[in-house]
Peer 1: 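This is the structure I want to talk about, given as structure tokens.
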Number of protein chains: 2
Amino acid sequence: MRSRADNSLAERKRQLVADELRDAALMLLATKGFDAVTVDDIVAAAGMSRRTFFRYFASKEDVVVRFLADTSADIITELAARPPAEPPSVALRHALWVPLAACNDHPEHSERARVVVRLILDTAALHARWLERQIEWRAELAAELANRRRVDPHTDPYPRMAAGMALLALDTVLQRWQPGDDEQHLAELMDQAFAVVAPALDAPAASQAAG
Amino acid sequence: MRSRADNSLAERKRQLVADELRDAALMLLATKGFDAVTVDDIVAAAGMSRRTFFRYFASKEDVVVRFLADTSADIITELAARPPAEPPSVALRHALWVPLAACNDHPEHSERARVVVRLILDTAALHARWLERQIEWRAELAAELANRRRVDPHTDPYPRMAAGMALLALDTVLQRWQPGDDEQHLAELMDQAFAVVAPALDAPAASQAAG
DNA sequence: CACTGGTTGACACTGAGTGTCACCGATAGC
DNA sequence: GCTATCGGTGACACTCAGTGTCAACCAGTG
């Protein structure tokens, strides 16, 4: 019972097919727009069958969103690894930096990522799917934050809202980044966005629970 | 060129059909779950044709989301009407109270609204669509907030993020309200949620713009 | 009565997504 | 070397969402 991603013999092939599909899809979608491209177009470009596409991706949206959203576990891990005494705003900033770091370090990935971000923000269906993914992140971040503050996430709105504010900051960064010019600005944009929510993230944990 | 909702002769009929469709849809969806109900089921229950359904609602999701999300204009109007000197947290709290006021005043509507909220929060596709609608609200709220603070929404992340935080508060209220017991708690939940984001909403407008 | 504007149902169509099955290639056991 | 098996694949048929089209209908109006 091997659980994926272990032996290179067949798994390499799988990855190759997935990459081929993803590359073909992103190229077509980015140039023609989301609605103007059918799955048939994608598989034709990749030289595979329709059925195969859906074996690798749950939906047409999935190809695009997965490209940005596969790093959920890393974010939580990073947050859990931050020192407990660190202010939430700093810990969250570091955690959400994880998915952005790859773009920041590898400009060749960055360009493609920016195209995908633009595509997501411009396409209602994709934007919705992206937000859906963010909801999962928010729940996981909230659980970890509740753990940090030793509060009950069912009675205290803080964890959920703090997670939401952090993701709002990320969203704002992405929205301001995509038309941009220089990757180095990413860190600066994050700082600006987190500066706005920091007063709420780091407010003393008093009175607001009660209820 | 009358723009809908003026003469009662034909418009009443339209509204009647829309209500019939909506009622049938909500009843089925709430009891059987979103994915288990097809549009055919809905129109069969309402005694109309499939095609008619799509003349009134853009999609199956639309029936549900529109039930909660048709009040965008009222929210903006309320925000614009708040005194300019009022802190953003207070003004936004009042603005977002508008759609909730109806539920609070009419318990018979409240019960149905709560069912719809539960349905939306439980269904990924609906939740995403709901957030998509919120994005529009956020943009409109942000524009109004930028107007209030006399800042440029393109360089200052505050307006967009403040709007996002307010909607996050609303989201949190809805999430904590639906399993609840008493409608009067709505106001209290709003107060709690806004207390969390208030420190950021009302922070002095300094340094964070720059860039 | 004929005319007009708006609504409706029936039908056909595209496209997403799923289930099924036969096939193919590689590996394991004889 | 032959065969059983197993994962992946393509072909096909199917459901369902959503759209375009058209003929029929039902006011109100000349």
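The shown structure was predicted, so the numbers you read here are calculated from the model rather than taken from an experiment. Here is the naming used below: chain letters follow the sequence lines, and residue numbers restart at 1 for every chain.
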Peer 1: Verify, without hydrogens or angle tests, whether Thr123(B) (side chain) and Ile120(B) (backbone) share a donor-acceptor contact under 3.5 angstrom.
Peer 2: no
Peer 1: Can you tell me how far P of dA17(D) sits from CG of Leu126(B), to the nearest Å?
Peer 2: 13 Å
Peer 1: Can you tell me whether the side chain of Arg55(A) and the base of dG10(D) have a donor-acceptor pair closer than 3.5 Å?
Peer 2: yes
Peer 1: Which pairs would a plain distance check flag for residues 42-52 of chain A, meaning a side-chain donor or acceptor within less than 3.5 Å of a matching protein atom at least two apart in sequence or in another chain?
Peer 2:
unit_1, atom_1, unit_2, atom_2, d
Ser49(A), OG, Arg51(A), N, 3.3
Ser49(A), OG, Thr52(A), N, 3.3
Ser49(A), OG, Thr52(A), OG1, 3.2

Peer 1: Would you please name every residue forming a side chain to side chain contact (heavy atoms under 4.5 Å, CB included) with Glu144(A), sequence neighbours left out?
Peer 2: Leu79(A), Ala80(A), Asn147(A), Arg148(A)
Peer 1: Can you check the Lys13(B) NZ to dT8(C) P distance for me, whole Å?
Peer 2: 8 Å
Peer 1: For DNA chain C, which residues in residues 16-32 of chain B have a heavy atom at a distance below 4.0 Å?
Peer 2: Val17(B)
Peer 1: Here's one to test your reading of the geometry: is the NZ or CZ of Arg133(B) within 45 degrees of the ring axis of Trp137(B) and under 6.0 Å from its centre?
Peer 2: no
Peer 1: So, does Tyr56(A) get its side chain near the phosphate of dT9(D), meaning an N or O under 4.0 Å from OP1 or OP2?
Peer 2: yes
Peer 1: When you compare the side chain of Val90(A) with that of Phe194(A), does any pair of heavy atoms fall below 4.5 Å?
Peer 2: no
Peer 1: Answer whether the closest heavy-atom distance between the side chains of Asp171(B) and Arg138(A) falls below 4.5 Å.
Peer 2: yes
Peer 1: Give me, pair by pair, the N or O atoms of the protein and of nucleotides 16-19 of chain C that are less than 3.5 Å apart, along with how far apart they are.
Peer 2:
unit_1, atom_1, unit_2, atom_2, d
dA16(C), OP1, Val39(A), N, 3.4
dA16(C), OP1, Lys60(A), NZ, 3.4
dA16(C), OP2, Val39(A), N, 3.4
dG17(C), OP2, Lys60(A), N, 2.9
dG17(C), N7, Arg50(A), NH2, 2.4
dG17(C), O6, Arg50(A), NH2, 3.0
dG19(C), N7, Arg51(A), NE, 3.2
dG19(C), N7, Arg51(A), NH2, 3.0
dG19(C), O6, Arg51(A), NE, 2.7

Peer 1: According to side chain to side chain contact (heavy atoms under 4.5 Å, CB included), who are the partners of Asp35(A), at least two apart in sequence or on a separate chain?
Peer 2: none
Peer 1: Return the set of residues passing ring pair (Phe, Tyr, Trp, His ring centres under 6.0 Å) with Phe57(B) (not counting sequence neighbours), or none when no residue passes.
Peer 2: Phe53(B)
Peer 1: Between dA17(D) atom C1' and Asp62(B) atom CG, what is the distance in whole Å?
Peer 2: 13 Å
